[in-house]
Structures are given as structure tokens and as C-alpha cells.
Amino acid sequence: MLLYTTVGTNDLARAGRFYDTVLLPLGYARQKEATGEIGYAADGDVRCRFWVVEPFNREPATFGNGVTIALVAPNRAAVDAFHAAALAADGTDEGAPGLRPFHASFYAAFVRDHDGNKLAAVCENPE
């Protein structure tokens with residue numbers, strides 16, 4: 001259903017270092033970079049699905065209250081690695097890896113980046 005997702009940043013270089021590390025366990029890598037934006041995708045994808053951008057209107061980037069971007073993780077170990085990588089890159093813990101009450105196999109971790117954007121890695125496979 002979603003074509004791509006963007007998060008805003010006030011420091012693109014710092015955000016790029018954060019996302020280079022955090023998205024790797026989920027199978028996403030920096031695929032494109034241009035003035036004011038960095039795009040991430042899985043190898044072989046036809047387009048970048050996750051973008052980190054400086055706001056087009058040149059106003060400061062802010063996060064959306066109530067917004068969470070959930071990314072698919074291939075397994076629970078990848079969720080764990082995503083969370084650990086985010087904390088090691090000075091992200092903020094918003095929920096340690098673990099099962100959630102949404103259904104019996106919903107295993108997720110939640111973090112915030114340096115700009116306050118909330119991300120989740122989720123594995124729905126039973127293990």
C-alpha cells in the first residue's frame with residue numbers, strides 16, 4: 001500500500017550515520033544520496049522505500065506525535081539487532097524487543113532517532 005516513507009532531519013550527515021547502522025539488520029542500505037536527501041532500499045528493489053530528508057520548505061524538521069514507522073524484520077534476531085544498533089548510535093529506547101499484545105507472534109522493538117522520529121522493527125513470524 002505504501003510507496004515510500006520519509007522522515008525529516010535537521011542534520012542529514014548525522015541522520016545518515018544513524019540510519020546506515022540501524023537499517024542494515026533489516027536488510028536496507030543507503031542506495032541514493034542527493035542534496036538534502038538519502039534513500040534506503042533492499043538490494044534489488046526498484047526504488048528507495050525509506051527517505052531521510054531535509055524539509056523542502058526549509059523549516060526545522062519536527063516529528064509527528066502519534067506517528068510510528070514500522071519496518072518489517074526478517075526474524076526476531078534482526079529486531080534485536082535493530083534495537084541494539086539504534087541505542088549504540090545514540091537513538092532513544094521507546095520499547096525493548098519483545099512480544100506485544102497485538103497477536104501471539106508480534107515481536108517488536110521501538111526507538112527514536114536524533115530528530116525524534118519513532119521507528120519500529122517488527123517480526124510477525126513465530127519462532
Side-chain angles (χ1 to χ4, degrees):
M1 178 168 64
L2 298 176
L3 187 62
Y4 64 85
T5 301
T6 64
V7 295
T9 185
N10 294 302
D11 185 337
L12 190 61
R14 182 179 187 194
R17 290 189 300 273
F18 178 83
Y19 284 104
D20 287 351
T21 302
V22 171
L23 296 179
L24 192 59
L26 304 179
Y28 304 109
R30 186 186 296 212
Q31 302 289 343
K32 295 192 180 198
E33 188 169 1
T35 302
E37 62 185 13
I38 300 170
Y40 294 86
D43 287 341
D45 201 344
V46 297
R47 70 169 20 107
C48 291
R49 304 289 178 174
F50 186 86
W51 289 90
V52 181
V53 301
E54 294 172 343
F56 182 75
N57 65 2
R58 302 293 180 226
E59 295 293 322
T62 59
F63 61 90
N65 187 21
V67 174
T68 301
I69 298 169
L71 303 167
V72 174
N75 52 51
R76 292 179 183 187
V79 172
D80 297 345
F82 160 88
H83 187 260
L87 298 184
D90 296 324
T92 304
D93 179 23
E94 285 285 320
L99 290 169
R100 299 298 193 267
F102 308 122
H103 65 71
S105 299
F106 197 99
Y107 188 86
F110 298 86
V111 299
R112 286 195 187 266
D113 70 7
H114 305 111
D115 293 290
N117 297 299
K118 188 174 180 183
L119 305 164
V122 179
C123 175
E124 296 186 284
N125 302 327
E127 288 192 31

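Just so it is clear, the values below take in all heavy atoms, side chains as well, and ignore hydrogens, waters and symmetry mates.
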Exercise for review: Over all heavy atoms of both residues, which pair between P97 and V79 is shortest? Give the atoms and the distance, please.
Suggested key: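 Shortest heavy-atom contact: CB-CG1, 4.2 Å.
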
Check your understanding: Is there a donor in the side chain of D80 and an acceptor in the side chain of Y107, or the other way round, less than 3.5 Å apart?
Key ->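 Present: a donor and an acceptor within the cut-off.
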
Point to revise | Side-chain donor or acceptor of D90 paired with backbone N/O of H114 under 3.5 Å | key: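 No, because the side chain of D90 does not come within donor-acceptor range (under 3.5 Å) of the backbone of H114.
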
Exercise for review: Check the hydrophobic clustering (I, L, V, M, F, W, Y; side-chain heavy atoms under 4.5 Å; chains of links allowed) and say if L26 and F18 are grouped together.
Suggested key: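 Yes, L26 connects to F18 through the hydrophobic network.
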
**Study point:** For the student: nearest non-hydrogen atoms of C48 and G39, plus distance
**Key:**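 Reported closest heavy-atom pair: SG-C, 3.5 Å.
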
Point to revise | Gap separating the CZ atom of R49 from the CG atom of L2, nearest 0.5 angstrom | key: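 Spacing of CZ (R49) from CG (L2) equals 10.0 Å.
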
Exercise for review: Measure the NE2-CG distance between H83 and D93 for me, rounded to the nearest 0.5 Å.
Suggested key: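 Rounded to the nearest 0.5 Å, the NE2-CG separation comes to 3.5 Å.
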
Exercise for review: Group every Ile, Leu, Val, Met, Phe, Trp and Tyr by side-chain heavy-atom contacts under 4.5 Å, then state whether V22 and I69 land in the same group.
Suggested key: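 Same cluster.
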
Check your understanding: Would you call the rings of Y19 and F50 parallel, tilted or perpendicular if under 30° counts as parallel and over 60° as perpendicular?
Key ->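 Y19 vs F50 ring planes: tilted.
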
Check your understanding: Going hydrophobic residue to hydrophobic residue with side-chain gaps under 4.5 angstrom, can you get from L24 over to V122?
Key ->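 Not linked; separate clusters.
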
Check your understanding: Nearest 0.5 Å, what's the NZ-CD1 distance between K32 and I38?
Key ->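 One gets 14.0 Å once the value is rounded to the nearest 0.5 Å.
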
Exercise for review: Walk me through it: do Q31 and D43 pass the test side chain to side chain contact (heavy atoms under 4.5 Å, CB included)?
Suggested key: CA-CA 8 Å; Q31 302 289 343; D43 287 341; 3.2 Å; yes

Check your understanding: Between N10 and A61, is there a donor-acceptor pair closer than 3.5 Å when you use the side chain of the first and the backbone of the second?
Key ->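 Checked: pair present.
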
Review point. Can you tell if the side chain of V7 reaches within under 4.5 Å of the side chain of D115, non-hydrogen atoms only?
Key: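 Contact flag for V7/D115 side chains = no.
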
Review point. Once you round to the nearest 0.5 Å, how far does CZ of R76 lie from CD of E124?
Key: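 With rounding to 0.5 Å, CZ (R76) is 11.0 Å from CD (E124).
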
Review point. Out of curiosity, F63 CZ to T68 OG1, how far, rounded to the nearest 0.5 Å?
Key: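 The CZ atom of F63 sits 11.0 Å away from the OG1 atom of T68.
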
Point to revise | In one Ile/Leu/Val/Met/Phe/Trp/Tyr side-chain cluster, 4.5 Å: L71, V53 | key: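 Unlinked, L71 and V53 end up in two clusters.
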
Review point. More than 12 foreign heavy atoms under 6.0 Å from CG of N125: is that the case here?
Key: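 More than 12 heavy atoms, drawn from other residues, nucleotides or ligands, come within 6.0 Å of this atom.
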
Check your understanding: Looking only at heavy atoms, what is the nearest atom pair of A15 and V52, with distance?
Key ->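 Here A15 and V52 meet closest at CB-CG1, 3.7 Å.
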
Check your understanding: F82 and V111: side chain to side chain contact (heavy atoms under 4.5 Å, CB included), yes or no, with the steps?
Key -> CA-CA 9 Å; F82 160 88; V111 299; 3.6 Å; yes

**Study point:** Approximate separation, where rounding is to 0.5 Å, of L99 CG and F106 CZ
**Key:**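 Output value for this atom pair is 10.5 Å.
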
Practice item. Mind listing the closest non-hydrogen atom pair of T21 and P25 along with its distance? Key: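 That closest heavy-atom pairing would be O-CD, 3.3 Å.
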
Exercise for review: Establish, for the pair R47 and Y4, whether the NZ or CZ atom is under 6.0 angstrom from the six-membered ring centre and no further than 45 degrees off its axis.
Suggested key: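 Cation-pi check for R47 and Y4: fails.
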
